[in-house]
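Only one structure is covered here, and it is reproduced in the block below.
Nothing here was measured: the structure is a model prediction, and the numbers come from that model.
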Amino acid sequence: MAKPSEWVEADLNALLRDQVGEDVGLEYKACASLEKSDARKDEVSRDISAFANSAGGTIVYGMLEDANTHLPSGVDGGYDP
């Protein structure tokens with residue numbers, strides 16, 4: 001698989017198909033996490049800060065996840081800024 005900065009739709013579909021779970025370097029977030037409310041901004045800040053204070057990582061916005069298993073469960077409808 002290509003580097004995250006080079007991912008295309010097929011790479012994201014592979015994460016879903018192969019059931020690649022979240023780990024210390026990969027986080028899935030629904031697009032609703034990008035809403036402009038203070039609570040959502042705080043959440044984004046915490047996620048980015050956690051990666052910045054560790055080995056780094058990738059946040060995939062638009063990927064739904066199963067809350068119990070942290071495995072991807074689908075792609076959401078997107079976000080219209």
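Taking Asp47 as the reference, Lys29 meet the salt bridge (Lys or Arg N to Asp or Glu O under 4.0 Å) condition, with sequence neighbours excluded. Residues passing the side-chain hydrogen bond (donor to acceptor under 3.5 Å, both in side chains) test with Ser49 are Asn53, sequence neighbours excluded. Evaluation of the salt bridge (Lys or Arg N to Asp or Glu O under 4.0 Å) rule for Glu6 yields Lys3 as partners, not counting sequence neighbours. Partners of Thr58 under the side-chain contact (heavy atoms from CB on, under 4.5 Å) rule, at least two apart in sequence or in another chain, are Pro4, Trp7, Leu26, Val60. Shown here are the side-chain contact (heavy atoms from CB on, under 4.5 Å) partners of Arg17, two or more places apart in sequence or in another chain: Ala14. Shown here are the side-chain hydrogen bond (donor to acceptor under 3.5 Å, both in side chains) partners of Glu35, two or more places apart in sequence or in another chain: there are none.
Of the possible donor and acceptor atoms, none in the side chain of Glu22 sits under 3.5 Å from a partner among the backbone N and O of Leu71. Of the possible polar contacts, one joining the Asp76 side chain to the Cys31 backbone as a donor-acceptor pair under 3.5 Å is found.
The hydrophobic cluster containing Val20 does not contain Leu64, counting ILVMFWY residues as joined when their side-chain heavy atoms lie under 4.5 angstrom apart, directly or transitively. Ile48 is connected to Leu34 through a chain of hydrophobic side-chain contacts under 4.5 Å among Ile, Leu, Val, Met, Phe, Trp and Tyr, so both are in one cluster.
Distance check: Gln19 CD to Ser73 OG gives 8.0 Å after rounding to the nearest 0.5 Å. Distance CD/Glu43 to OG/Ser37: 9.0 Å, rounded to 0.5 Å. Distance check: Glu27 CD to Met63 CE gives 12.5 Å after rounding to the nearest 0.5 Å.
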Open item on the list: I'd like to know whether Tyr28 forms a side chain to side chain contact (heavy atoms under 4.5 Å, CB included) with Leu16, so could you lay out the CA-CA distance, the side-chain angles of the two residues, the decisive distance to 0.1 Å, and finally the verdict.
Closed with: CA-CA 11 Å; Tyr28 298 124; Leu16 181 59; over 6 Å; no
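Residue Arg40 comes nearest to Ala32 through the heavy atom pair NE-O, 3.4 Å, listed as atom of the first residue, atom of the second, then distance.
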